[in-house]
Protein chains: 2
Amino acid sequence: MAKAQSNTEEKIKDAARKLFVEKGFGNATTRDIAECADTNIALVNYYFRSKENLFQEVFQESFAHTFLPVARILNDDLPLEVKIYKFVDHMTEMLKRDPMMPLFVLSEMRGEHSQMCRIMLESGALESNSFQEQLNREAAKGAIRAADALQVETSLMSMVLFPFLSMNILKMKHQMDDEAFTRFVDSRKKIIPEMTLAYLRQREG
Amino acid sequence: MAKAQSNTEEKIKDAARKLFVEKGFGNATTRDIAECADTNIALVNYYFRSKENLFQEVFQESFAHTFLPVARILNDDLPLEVKIYKFVDHMTEMLKRDPMMPLFVLSEMRGEHSQMCRIMLESGALESNSFQEQLNREAAKGAIRAADALQVETSLMSMVLFPFLSMNILKMKHQMDDEAFTRFVDSRKKIIPEMTLAYLRQREG
DNA sequence: ATTTTAATTAATCAAACGTTTAAAAATTTA
DNA sequence: TAAATTTTTAAACGTTTGATTAATTAAAAT
């Protein structure tokens, strides 16, 4: 970090990232962002042509650097059990650092922000289906039942992401502080793989 | 339904429900709602004192009538296996009728809309922990492992709700039309209970 | 029939929004 | 140092927002 490019552009990006994730695109105003970045609104449109443009630059970067690398673990070349534990662990740790990100992404997916969808698809376009192939191999060996990779992926994603999506409700309803919530999601690092593997290893009904 | 109270007030409520869920509170304007209800903006503030007020009335009603009754199934007096299948089935069917509702609820949970949190808590305040007691009884019998009800509830909720939360991404990434998405969530009616029960019936590691 | 109340309309309000301008200050280049 | 370029500032732009007004029509009550 010798570069120390702590210029206004980066400060605006940081403020935008924070406020977009916190309040959503529509509710975070240019004036909010400028004030949070300790500058004025004209500079926001000087460095980025528009609020829309700023949003896309910030999001594309953030998404590509945090979520995608973890999501790709399911296509890594690892033994099934190791892979599932690693996926849940890495995803959980990533989310602990950026807990509001999933809700932000899904929220902005509604309506006219289809360019955001485009970004997500382009990022993950060159995706292989090696996870399905792995499940097929294991099933052929008799190690697990036959299973649809998309269903397994969805279940894993669900169980890891959802507690963060519903964090506010969860903490409020069960009087959790930040520490208790962390304990809750940490203990899921064991439960989620166990649940997934128990299903896969079970004979089909 | 003999009442046929198809007055302006109800038309506004319907329009508001539709637009709030579709675009969120901040992006659905009073003019949108008025136009969609085939009236003018003054009547929106005539029947409801403000947009904020309209939002709360509509949401409280919608939430209490659709989500809560299904969520309470986990505290019904039913055998464990029957209960889990019933919960997943009813929740899925409810969501198929109102697929954007979960994302709407979670989105509005961010930031200053804390009154929404209050509504949710008041609605589910008188909740028993009979599900935990049931799990304890089953564990004492040796039928299942010891399990934290909150973790099981969270996993069930996760796996049912998340596909709807991420519906747009899911459909886009895997080129699903509405029919394919319905097939996808329908087949989860079997997978989710199987996964949950496989975990519960597994000896602890 | 007349009064009173409820419902509806068109027009307008101030505030906040994203964006732009034109001029000043700071920095880089020659 | 002088010229050219980049960065920053304060002020304003035209729209859109939620909300309100005052006048008009419809309905209910007496």
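No hydrogens, no waters, no symmetry mates; every other heavy atom, side chains included, goes into these values.
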Discussion item. I'd like to check Lys13(B) versus Glu57(B) (side-chain heavy atoms, cut-off strictly below 4.5 Å). Are they in contact?
Written reply: yes
In whole angstroms, the gap separating C1' of dA14(C) from CD1 of Ile41(B) amounts to 14 Å
Of the candidates dT8(C), dT21(C), dT7(D), the side chain of Ala42(A) sits closest to dT21(C)
When rounded to whole Å, the CG to C1' distance for the pair Asn45(A) and dA10(D) reads 15 Å
NA contact type, Phe48(B), heavy-atom cut-off 4.0 Å: base, sugar-phosphate, or nothing? nothing
Per nearest nucleotide of DNA chain D, the residue lying toward the 5' end, Asn40(A) or Arg31(A), is Asn40(A)
Here the distance between atom C1' of dA19(D) and atom CD1 of Ile12(B), to the nearest Å, is 14 Å
Result for 5'-nearest mapping on DNA chain C, choosing between Tyr46(A) and Thr29(A), is Thr29(A)
- Touch check for Ala28(B), heavy atoms < 4.0 angstrom, all strands: base, sugar-phosphate only, or nothing? sugar-phosphate
Exercise. Would you sort out whether Glu93(A) and Arg97(A) count as a salt bridge (charged side-chain N to carboxylate O under 4.0 Å, His left out), showing the intermediate values?
Key: CA-CA 7 Å; Glu93(A) 290 302 315; Arg97(A) 288 190 297 271; 5.0 Å; no
| request: Taking the six-membered ring for Trp and the full ring for Phe, Tyr or His, determine whether the centres of Phe20(B) and Phe59(B) are under 6.0 Å apart. | output: no
Glu52(B) atom CD is separated from dT17(D) atom C1', nearest whole Å, by 15 Å
In whole angstroms, the gap separating C1' of dG18(C) from CG of Asn27(A) amounts to 15 Å
When rounded to whole Å, the CD to P distance for the pair Glu10(A) and dT7(D) reads 14 Å
**Prompt:** Phe25(A) ring centre to Lys51(A) NZ or CZ under 6.0 Å, with the angle to the axis within 45°?
**Reply:** yes
To the nearest angstrom, the CG-P distance between Leu43(B) and dA6(C) comes to 15 Å
Ranking dA19(D), dT19(C), dT8(D) by distance to the side chain of Thr8(A), first place goes to dT8(D)
Between CG of Asp38(B) and P of dT8(C) the distance, given in whole Å, is 11 Å
In terms of heavy-atom contacts, Thr92(B) and Phe164(B) come closest through O-CZ, 4.0 Å
Taking dA19(D), dG18(C), dT8(C) as options, the one with an atom nearest any side-chain atom of Thr30(A) is dG18(C)
